[in-house]
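A short write-up of the structure that comes next.
Predicted model, so just to flag it, every value in this text is computed and none were measured. Chain A is the first sequence line, chain B the second, and so forth, proteins listed ahead of strands; every chain is numbered from 1.
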There are 2 protein chains.
Amino acid sequence: TGPSLHPKASSDLNSFVSRSHTCGELSSTDIGQEVTLCGWLQFQRQDLFVVLRDFHGLTQVLLPQDELNAELKTLLSEAPLESVVLVKGTVIARPPGQENPRMSTGKIEVQVKQAQVLNICKKLPFEIKDFIKKSEALRMQYRYLDLRSSQLQYNLRLRSSMVMKMRAYLCNQHGFVDVETPTLFKRTPGGAKEFVVPTQEHGKFYSLPQSPQQFKQLLMVGGLDRYFQIARCYRDEGSRPDRQPEFTQVDIEMSFVDQTGIRALVEGLLRYSWPNNKGSLPDAFPVMSYAEAMSSYGCDKPDTRFEMKIMDVTTLFSTVQMGFVQETLGKPHGCVKAIRIPEGEKYLKKKDLDSMMETSKEQYKQHITPVIVKSDSSWRSPLQKYMGEDLQKALCEASGAKAGDILLLAAGEHDTACTALGKLRLDAASKLEECGVPLRSPHDYHFLWVVDFPLFLPKEDNAQEMESAHHPFTAPHPEDMGLLSTEPEKVRGQHYDLVLNGNEVGGGSIRIHNANLQRWVLEQVLKEDSSLLSHLLEALESGAPPHGGIALGLDRLIAIITGSSSIRDVIAFPKSFRGRDFMSSAPDFVADEVLQLYHIQMVQIDCEVIQNV
Amino acid sequence: TGPSLHPKASSDLNSFVSRSHTCGELSSTDIGQEVTLCGWLQFQRQDLFVVLRDFHGLTQVLLPQDELNAELKTLLSEAPLESVVLVKGTVIARPPGQENPRMSTGKIEVQVKQAQVLNICKKLPFEIKDFIKKSEALRMQYRYLDLRSSQLQYNLRLRSSMVMKMRAYLCNQHGFVDVETPTLFKRTPGGAKEFVVPTQEHGKFYSLPQSPQQFKQLLMVGGLDRYFQIARCYRDEGSRPDRQPEFTQVDIEMSFVDQTGIRALVEGLLRYSWPNNKGSLPDAFPVMSYAEAMSSYGCDKPDTRFEMKIMDVTTLFSTVQMGFVQETLGKPHGCVKAIRIPEGEKYLKKKDLDSMMETSKEQYKQHITPVIVKSDSSWRSPLQKYMGEDLQKALCEASGAKAGDILLLAAGEHDTACTALGKLRLDAASKLEECGVPLRSPHDYHFLWVVDFPLFLPKEDNAQEMESAHHPFTAPHPEDMGLLSTEPEKVRGQHYDLVLNGNEVGGGSIRIHNANLQRWVLEQVLKEDSSLLSHLLEALESGAPPHGGIALGLDRLIAIITGSSSIRDVIAFPKSFRGRDFMSSAPDFVADEVLQLYHIQMVQIDCEVIQNV
């Protein structure tokens, strides 16, 4: 019967409408009542009974068997499934032995006295119960049918109720002001992924912003003190799996706050809005530095639901006479790292190990050396002949490797070795889970703060130049201010990411509130044209309070909480991974008059090119 | 000191931040406490005290006068106004006689012990207190300064808190589901005012919808049962005063509901969310037919805060021997209508009357005949010689005209005469108010439902063809179904408008849920290509429940409640009436690479034309 769809008992689901009850609420205590139900014909059992469905549940409706009511019986037993009907009747107890304990209404049925078919359903492209098996394109084309499934009803209702609780926490408990910011705005300098919107002014375009970043800061300059918004954001990334061209973030900004304040706020927000049936969250979420995340998990969004952390075994290898190990250790940041896969010998086949080594080689150019600790504690490993028994024993002790475990070793530059092992850690976990080893429970929700990110990174296409690791408004770590002009690459930012089960679900920072510092970062470090942000710089010198904030990715957060494999399962009308709406066929061609209104025309391109797109 | 900005007492305004109190909350009961305040320097009185301001209020900060603290005194008395400071000190009582009863914190001051200038304010383009006098363009360019005014803080906070209460009513009390619908969608057939958004697919565009109309209906087909959304909508109207290219509506849809259900829902919603200090709303709002609104008020959004209704005096004129009157009465819908302006003789000058008659002539081609009832009850009017004493007396009795009143009479086609008099009724009211006659109190909130609109109207450019009065999804009035194929112009729709103080603040309808009827309306009445809406038609035949809904114009509603003259005063970052953002200079030119990405180019137009735009 799927997850419970019952909203808060306190809300009146039957106000203002013609039904007296939903299809999910009648029970033994209602026996004898005259009721009116509205719903969809879910099931017909010969001409004995039908089952009516609505968002709230199912109710069995008993058909009359007397001659006088033959018409009523025919009406309900012959209307096509999924037709919408109104039924009036009396709640009666099901005969002994016919109760259905799996239905919340399973002890009763409704003896029908009157019925009306409100809308006939024509033949559907498929049966609703088979829907989940159909292709995603078909499901998206008939999204209104997919929405009738208990899973999507549950997801959308959970989303709504969780957002409502977030609002109550922010607005009612902590004095935040819900402010709507424009989505038709000016293009951000370097905002490569922003959709543009032509206007009737020749050559001039609005831009659909990727976030309300500038507005939330300007609201702080405007003295709003505490802002939040469930904000629609836009990003034109072309085809990307599990991304949407429009998405939603819980956008928050506060004045006079520091990192610990924002973290406490968000922890409180999530605890307050957390669904009752999803366990409870800890009073404070663990905090990990970016450096620690990289060295222990090989990524900046560690999945902390399971161990298998990356270990440093460099010192054990200082005497190992393998050419490439010694060569590696002689280089800057050279090291030897390891992960231990418990009982790996039992679960990983040779081809699994080969494929993992291949992955590491291909994606990270990192050679991996496996050690299989056999039942008699001897090794099967290319390393065996280079390490004496003492060293073997020392490595097993240092890594905790026991008989049956597998160690994966990586000798290389620190970040590369860690990143590769971080990937293999996740791959190994998936393999173990496929074999039935319970590592990451769907009922576990492990939040984690990652902090102390570098403020700047070398540009990918030119390592001599710097770019912001997050965005240019992030304040430097106060302890690192002195390094800004000398070694900007060593400056940590006051940025924080919120990670849930290995997914980034939020990120934010304390912002630069000093105009001179902001101008310096833009001009001297990032070599950008600061005049494009003159309105922001001017605002910062007009009495800007210290401020910071965060944005939570709502779609991703709800998807993880509901155990959905894609954010498309928590969005009412999602688009395909190519940004298409299969129901209405958007995007689509528009009439020439429309283009003329905006003074634009299409660039002619080769027809063959179009056909091959 | 302006309207109170205090949010609910229950919310903690000082959580997570460095201050202990806001600048608006300290009182005599806090005397002796050590406090930390953060705020803006609002005022400096020599070097005796400064006044600190935040969103919540003002607090006077007493400067130290001893030598030891000279530096502290200098810091606060010499920092530029609007600088942001943090102050620590002790709450003390003001000396007797120095209390300020107009300040909520007027009985205390804070004896400063430590202070820190968090951010220096450079010279502002003007003083904040003069801001309200500046041009709107300047205010919009420095919107972050304007936002510091108590009026804008009040407006935005009232908006946030009212929307929060609406959500609580819908979501918590009545089981509505808050569903986000896409804003990147397919162009609506005939959607002349929709912005388009180019995509990377050659020639293909999304459209920014004017409302979530199709989605809200599809959600009902999907069994969501009760949907709401505070929805961002878009409309490209070029230059229109007091319209915005993006605006917000409270969007609602329900299944199994009729008109009375929606009305009761909305009345409950407004009563529940109504600000405490704005009086109370009635249990049920009055309902008026479109026909009655037109004949009594000359418009479909009557301002019912005052009388001066339009009266029918046709029968009195049946014997009056004026050529054009008799000619008028001989025509279809010919009539004589009147409004009475109480004490009009005292308040309206001859030039006012002339100007009103001129307005009517110019805008409606409707001649107006005035009657001034003099103190001795005799008339000054061109009508005098055509009407005997008995008729004059009868007209005064019928209209309630007393000595000193003015009657304005219009003989003509019913709708024209009424529309003209409806306009003059509003003009006359403004004139009387200018003279100090209290007609429409700013504290009066008169809601009114207008119902029974015609479903179709003749097209403006071709009266032989019909178009939807509202939109093609509105269901016909059940009593008028028979007229659909014979006299569609006489069919009333199940549409309802919500009017507040003479402004339309909402509108909605019961929708067509039968696919055949919807197809018939589109094809046979409106002569539209129904294939463009095939997805909706297909949805209607897949088990669509009867459903209806409404959309409230949130910007307008909040503007009326806060007594703002423009919706720009209730929007954090509004655009100019030409759709410009003066702060960031949006819309703006974009780089050629951006256009190339979307395969578009600008149509070349004459340079002079551009310069003259």
Side-chain angles (χ1 to χ4, degrees), chain A residues 7 11 13 15-18 38 55 82 84 119 121-122 144 147-148 157 160 164 171 174-175 177-179 182 184-186 195 197 199-200 203-206 218 221-223 225 238 246 256-257 261 264-265 535 539 541 543-545 572-573 583-584 586-590 599-603, chain B residues 7 11 13 15-18 38 55 82 84 119 121-122 144 147-148 157 160 164 171 174-175 177-179 182 184-186 195 197 199-200 203-206 218 221-223 225 238 246 256-257 261 264-265 535 539 541 543-545 572-573 583-584 586-590 599-603:
Chain A
S11 67
L13 300 173
S15 44
F16 314 117
V17 289
S18 39
C38 296
F55 66 97
E82 292 302 314
V84 184
N119 211 351
C121 179
K122 253 190 51 176
Y144 45 88
L147 285 172
R148 291 182 195 162
R157 283 165 196 275
S160 168
M164 188 66 206
C171 204
H174 293 288
V177 188
D178 181 3
V179 180
L184 295 174
F185 191 51
K186 188 191 172 80
F195 286 104
V197 181
T199 70
Q200 297 185 36
K204 293 202 174 175
F205 293 79
Y206 294 119
L218 291 169
V221 180
D225 199 62
E246 50 188 320
F256 308 112
V257 73
L265 165 76
H535 55 284
E541 51 198 16
F573 298 99
M583 196 175 59
S584 70
D588 204 356
F589 298 106
V590 299
H599 318 290
I600 58 180
Q601 60 193 11
M602 300 314 300
V603 176
Chain B
S11 67
L13 300 173
S15 44
F16 313 118
V17 289
S18 41
C38 296
F55 67 98
E82 292 301 316
V84 183
N119 211 351
C121 179
K122 253 188 53 177
Y144 46 88
L147 285 172
R148 292 182 195 163
R157 282 164 198 275
S160 167
M164 187 66 208
C171 204
H174 293 287
V177 188
D178 181 3
V179 180
L184 295 173
F185 191 50
K186 186 190 173 83
F195 286 103
V197 181
T199 70
Q200 296 185 37
K204 294 204 174 175
F205 292 79
Y206 294 118
L218 292 169
V221 180
D225 197 62
E246 50 188 318
F256 308 111
V257 74
L265 165 77
H535 55 286
E541 54 199 14
F573 298 99
M583 196 174 61
S584 70
D588 205 353
F589 299 106
V590 300
H599 318 290
I600 58 180
Q601 59 193 11
M602 299 315 301
V603 177

(request) Look at B:F195, B:F185, B:F589, B:F573 and state which one has the largest set of heavy-atom pairs under 4.5 Å with chain A. (result) B:F573
(request) Report the option among B:N119, B:V84, B:V179 that has the most heavy-atom pairs separated by less than 4.5 Å from atoms of chain A. (result) B:N119
(request) Can you see which heavy atom on A:K186 is nearest to which on B:S584, and at what distance? (result) CD-O, 2.7 Å
(message) Among A:V197, A:V603, A:I600, A:D178, which residue has the highest count of heavy-atom pairs closer than 4.5 Å to chain B?
(response) A:V603
(request) Quick one: closest heavy-atom pair of A:H535 and B:M583, and the distance? (result) CB-O, 3.4 Å
(request) Would you name the heavy atoms of A:G175 and B:S11 that are closest together and state the gap between them? (result) N-CB, 3.6 Å
(message) Under the rule for side-chain contact (heavy atoms from CB on, under 4.5 Å), what residues qualify as partners of B:E246, not counting sequence neighbours?
(response) A:P182, A:T183, A:L184, B:R232, B:Y234, B:K575
(message) Just verifying a value: how many Å separate B:Q601 CD and A:H599 NE2, rounded to the nearest 0.5 Å?
(response) 15.0 Å
(message) Only pairs of heavy atoms separated by less than 4.5 Å count here; which of B:D588, B:V257, B:V177 has the most with chain A?
(response) B:D588
(request) Could you look at A:V590 and say if it's the side chain, the backbone, both or neither that has a heavy atom under 4.5 Å from chain B? (result) both
(request) Could I get the full list of ring-ring contact (aromatic ring centres under 6.0 Å, His included) partners for B:H174, not counting sequence neighbours? (result) A:F16, B:Y169
(request) Would you mind checking which part of B:V221 comes under 4.5 Å of any heavy atom in chain A, side chain (CB onward), backbone (N, CA, C, O), both or neither? (result) both
(message) Quick check on the interface: out of B:G261, B:A264, B:A586, B:G222, who has the most heavy-atom pairs with chain A under 4.5 Å?
(response) B:G222
(request) Side-chain contact test, heavy atoms from C-beta onward, threshold under 4.5 Å: evaluate it for B:F205 versus A:P587 and give yes or no. (result) no
